[in-house]
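Let me begin by presenting the structure, written as structure tokens, before commenting on it.
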Amino acid sequence: MFITLEGIDGCGKSTQSERLSAWLTERTGHGTIRTYEPGGYPSGESLRRFILGSRDFSPMSELLLFLADRAEHVNKVIAPALEAGHNVICERWNESTLAYQSGGHRLNVEQVKSLIAACDFPEPDVKLFLDVPPEAAFTRIASRKPDKFEEEGLALMRRVSESYRELAESGYLTRIDCEGKNEDEVFAALASEINAWLSR
Ligand code: TYD
């Protein structure tokens, strides 16, 4: 299986990815590779640092860098793992690009969709969106009073969050409502979606 986890910064993807990975191996009898974007492949750390540190890049350059990173990720990790019969759980995929570069940084959504489509990346079996209110996620990543940059961050997270919700409504991914749920409850909701796919 190929599963992607999506959501705004601080939504809890990494914790859930770790738990799901052990559970999925047990559930399917196949090994599970955990990975992430950007930079989730050998030698990917420098491109990750470059992309996430390039604050003065235009949204279009940013988009093309994320797609280049994904192409490397597919070649080096995702395709070999799936071909070898492993499950893959990946934190972030095409829907991050739609939510952040279009919803967040206001690129034209049709243009972003067509560039993604042209790349022909593997399509995940299950795409899960951890919907955490931006204010709650933001408190997790910045427990002190937000400075100016963090204020801008919250405005961005609100747009990204809205974009994810629209994508979920259009059937791009499955929304998991995490509001008021603890870690175990979120895990149960995610596992239930994966179970539904496995028993289809
Ligand atoms: P991530 O490591 O998941 O950050 P966090 O652990 O804080 O959630 O992702 C790094 C950042 O990259 C995150 O702010 C979202 C952004 N991003 C995009 O803007 N577009 C993309 O296509 C991807 C994959 C990530």
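When a ligand or atom number is given, it counts from 1 through the structure's own listing order.
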- Considering all heavy atoms of both residues, which atom of Ile8 and which atom of Arg92 are nearest to each other, and what is their separation? C-NH2, 3.9 Å
- Task: Mark up the atoms of ligand 1 that fall under 4.0 Å of a heavy atom belonging to Tyr100, in ascending order.
- Result: 14 (O), 15 (C), 18 (C), 19 (O)
- For ligand 1, is any non-hydrogen atom under 4.0 Å from Lys13's backbone (N, CA, C, O), its side chain (CB onward), both, or neither? side chain
- Query: To which protein heavy atom is atom 12 (O) of ligand 1 closest, and what is the distance rounded to 0.1 Å?
  - Reply: Leu52 CD2, 3.5 Å
- Message: Check contact between Arg70 and ligand 1, using heavy atoms of the residue and a distance below 4.0 angstrom.
- Response: yes
- Task: Compute the ring centroids of Tyr36 and Tyr41, then answer whether they are less than 6.0 Å apart.
- Result: no
- Message: Any non-hydrogen side-chain atom of Asn94 less than 4.5 Å from a side-chain atom of Lys127?
- Response: no
- Task: Determine whether any heavy atom of Gln101 lies closer than 4.0 Å to an atom of ligand 1.
- Result: yes
- Query: Are any of the heavy atoms in Glu62 under 4.0 Å away from ligand 1?
  - Reply: no
- Query: Nearest to atom 3 (O) of ligand 1, what protein heavy atom do you find, and at what distance?
  - Reply: Arg92 NE, 2.6 Å
- Message: Once rounded to the nearest 0.5 Å, what's the spacing between atom CH2 of Trp197 and atom CG of Leu128?
- Response: 12.5 Å
- Message: With respect to Trp93, determine whether any N or O atom, backbone or side chain, lies less than 3.5 Å from an N or O atom of ligand 1.
- Response: no
- Message: For the CD1 atom of Ile51 and the CG atom of Leu63, what is their distance to the nearest 0.5 Å?
- Response: 10.5 Å
- Query: Could any protein non-hydrogen atom be found less than 4.0 Å from atom 6 (O) of ligand 1?
  - Reply: no
- Identity and distance of the protein heavy atom lying nearest atom 2 (O) of ligand 1: Arg48 NH2, 2.7 Å
- Message: Before you tell me yes or no, could you show the steps for Ser96 and Glu6 under side chain to side chain contact (heavy atoms under 4.5 Å, CB included), namely the whole-Å CA-CA distance, both residues' side-chain angles and the distance that decides it to 0.1 Å?
- Response: CA-CA 7 Å; Ser96 278; Glu6 294 281 357; 2.6 Å; yes
- Of the protein's non-hydrogen atoms, which lies at the shortest distance from atom 16 (C) of ligand 1, and what is that distance? Phe66 CZ, 3.9 Å
- Task: Run the numbers on Leu115 and Met60 for side chain to side chain contact (heavy atoms under 4.5 Å, CB included), then give the verdict.
- Result: CA-CA 11 Å; Leu115 282 168; Met60 180 53 78; 4.2 Å; yes
- Trace of the side chain to side chain contact (heavy atoms under 4.5 Å, CB included) decision for Glu37 with Asp69: CA-CA 8 Å; Glu37 295 199 334; Asp69 176 74; 4.3 Å; yes
- Item | ligand 1-proximal atoms of Asn94, by part, heavy-atom distance under 4.0 Å | neither
- Verify the ring-centre separation between Trp93 and Phe2: is it less than 6.0 angstrom? yes
- Query: Backbone, side chain, both or neither: what part of Glu6 comes under 4.0 angstrom of ligand 1, heavy atoms only?
  - Reply: neither
- Task: For His73 and Phe121, run side chain to side chain contact (heavy atoms under 4.5 Å, CB included): C-alpha distance rounded to whole Å, both residues' side-chain angles, the deciding distance at 0.1 Å, then the answer.
- Result: CA-CA 10 Å; His73 196 199; Phe121 295 129; over 6 Å; no
- Message: Tell me the protein heavy atom at minimum distance from atom 4 (O) of ligand 1, and give that distance in Å.
- Response: Asp9 OD2, 3.7 Å
- Top protein contact for atom 22 (O) of ligand 1, by heavy-atom distance: Thr97 OG1, 2.7 Å
